[in-house]
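Each remark here refers to the structure printed beneath this line.
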Amino acid sequence: MSDQLTFTNPVTRFPDISPPKQDQPEPGLDAELIPGTDRGEKSYRGTGRLEGRRALITGADSGIGAAVAIAFAREGADVALNYLPQEEDAQHIAGVIREAGRTAVLLPGDLTDADFCRRLVEDAVEGLGGLDALVNNAGRQIAVESLEEIDDQQWEDTYAVNIHAMFRITQAALKHLPAGSTIVNSSSIQAYQPSPTLVDYASTKAAINNFTKGLAQQLAPRGIRVNAVAPGPIWTPLQVSDGQPKDALPEFGKSTPLGRAGQPTELAPAYVFLTSSESSYVLGETLAVTGGSPTP
Ligand code: NAD
Ligand code: MG
């Protein structure tokens, strides 16, 4: 059985998919995505890099967050998972974490609620017996053709999930994080190459990069490292719950130099690296995982 450490051609490691047009209500479910995704259930092998760590991951039920949760557990971490209440995907990922012999704490709730963001941190600390890793990964992406079609609610919800929640959760977590702790934020290639249909979303991702670089300097003397990961086009439920115009789905990811969309499990090693102490001298970095699309 091959895993992420097997010598392989990145062009053909995963199939070049052409997803059919499809629609799911927000947030989408991995369980209903066509074709299905690889979150590492059968392909991610742990090597003890996060032994004994305690992590809170938002948006952890599906897509990239789910792949990160599986990888963290296989690397030896206990994991608290936040997601919009909707159990099917979350129960599946919790099962994989428990099979790895680690604790999974399920903390569903809506990150547009400021009080919930703060309670989430306290519940994660209680459920895990402490906290030393935070992954701000939840995201909202709704493609809209023209600026006039973005109403206040759409604009504010995108900023609430992608920016305000990251601030509130990080602030609430600080008093619990010992030296050696890490924070990793999910940015995007959109921070550098905004799509014309994603002006609200893409601008949050540029802000996440900037927040990451500023906060990394502020927290460095306390021994807390802050970094980000910028994924390229990754096949996840975000894309079919209005994250992309429907016409774009069959071509999704094909314009990257590798010529294919990424799978969620291909993101996991970047988050593991930035959370593990092996990256002790890496702070304020945004690690691009884009299939070769250039970033500054
Ligand atoms: P996904 O749909 O699997 O995950 C997003 C998750 O965010 C949802 O499952 C949901 O649980 C959570 N979420 C959304 N709104 C929420 C709310 N109000 N309260 C609580 N949770 C909420 O999609 P994904 O593609 O894995 O996205 C994960 C992150 O990766 C996002 O930040 C996204 O912007 C980023 N990203 C994705 C891609 C891509 O191509 N898929 C590219 C660049 C960046
Ligand atoms: Mg989901």
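Counting starts at 1 for both ligands and their atoms, in listed order. Residues: numbered from 1 along the sequence shown.
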- Message: For Glu145, is the CD atom crowded, meaning more than 12 foreign heavy atoms sit under 6.0 Å from it?
- Response: no

- Task: Could you tell me whether Arg45 and Asp3 make a salt bridge, using a distance below 4.0 angstrom between a side-chain N and a carboxylate O?
- Result: yes

- Message: At less than 2.8 Å, would any N/O/S atom of Asp61, backbone or side chain, sit next to the Mg ion (ligand 2)?
- Response: yes

- Item | For Asp115, salt bridge (Lys or Arg N to Asp or Glu O under 4.0 Å) partners two or more places apart | none

Below 3.5 Å, can you tabulate the donor-acceptor pairs from side chains in residues 288-296 to any protein atom, sequence neighbours excluded?
from   : atom 1 : to     : atom 2 : distance (Å)
Thr290 : OG1    : Gly292 : N      : 3.4
Thr290 : OG1    : Ser293 : N      : 3.2
Thr290 : OG1    : Ser293 : O      : 2.8

- Task: Verify, without hydrogens or angle tests, whether Gln24 (side chain) and Leu29 (backbone) share a donor-acceptor contact under 3.5 angstrom.
- Result: yes

- Task: Can you run down the salt bridge (Lys or Arg N to Asp or Glu O under 4.0 Å) pairs that involve residues 61-86, sequence neighbours left out, and say none if there aren't any?
- Result: Asp78-Arg102

- Item | Metal proximity, Tyr83 vs the Mg ion (ligand 2), N/O/S cut-off 2.8 Å | no

Tabulation required: pairs of a nitrogen or oxygen in ligand 1 and a protein nitrogen or oxygen under 3.5 Å; columns are atom names and distance to 0.1 Å; otherwise 'none'.
from     : atom 1 : to     : atom 2 : distance (Å)
ligand 1 : 2 (O)  : Leu238 : N      : 3.4
ligand 1 : 3 (O)  : Ser62  : O      : 3.4
ligand 1 : 3 (O)  : Ser62  : OG     : 2.6
ligand 1 : 3 (O)  : Gly63  : N      : 3.3
ligand 1 : 7 (O)  : Gly139 : N      : 3.4
ligand 1 : 9 (O)  : Asp61  : OD1    : 2.8
ligand 1 : 9 (O)  : Ser62  : OG     : 3.0
ligand 1 : 11 (O) : Asp61  : OD1    : 3.2
ligand 1 : 11 (O) : Leu84  : N      : 3.2
ligand 1 : 18 (N) : Asp110 : OD1    : 2.8
ligand 1 : 19 (N) : Leu111 : N      : 2.8
ligand 1 : 23 (O) : Thr236 : OG1    : 3.3
ligand 1 : 25 (O) : Thr236 : OG1    : 2.6
ligand 1 : 26 (O) : Ile64  : N      : 2.8
ligand 1 : 32 (O) : Asn137 : O      : 2.7
ligand 1 : 32 (O) : Lys205 : NZ     : 3.0
ligand 1 : 34 (O) : Tyr201 : OH     : 2.5
ligand 1 : 34 (O) : Lys205 : NZ     : 3.0
ligand 1 : 40 (O) : Gly232 : O      : 3.2
ligand 1 : 40 (O) : Ile234 : N      : 2.8
ligand 1 : 40 (O) : Ile234 : O      : 3.3
ligand 1 : 40 (O) : Gln239 : NE2    : 2.8
ligand 1 : 41 (N) : Ile234 : O      : 3.0
ligand 1 : 41 (N) : Thr236 : OG1    : 3.3
ligand 1 : 41 (N) : Gln239 : NE2    : 3.0

- Under-4.0 Å salt bridge between Asp38 and Lys42: no

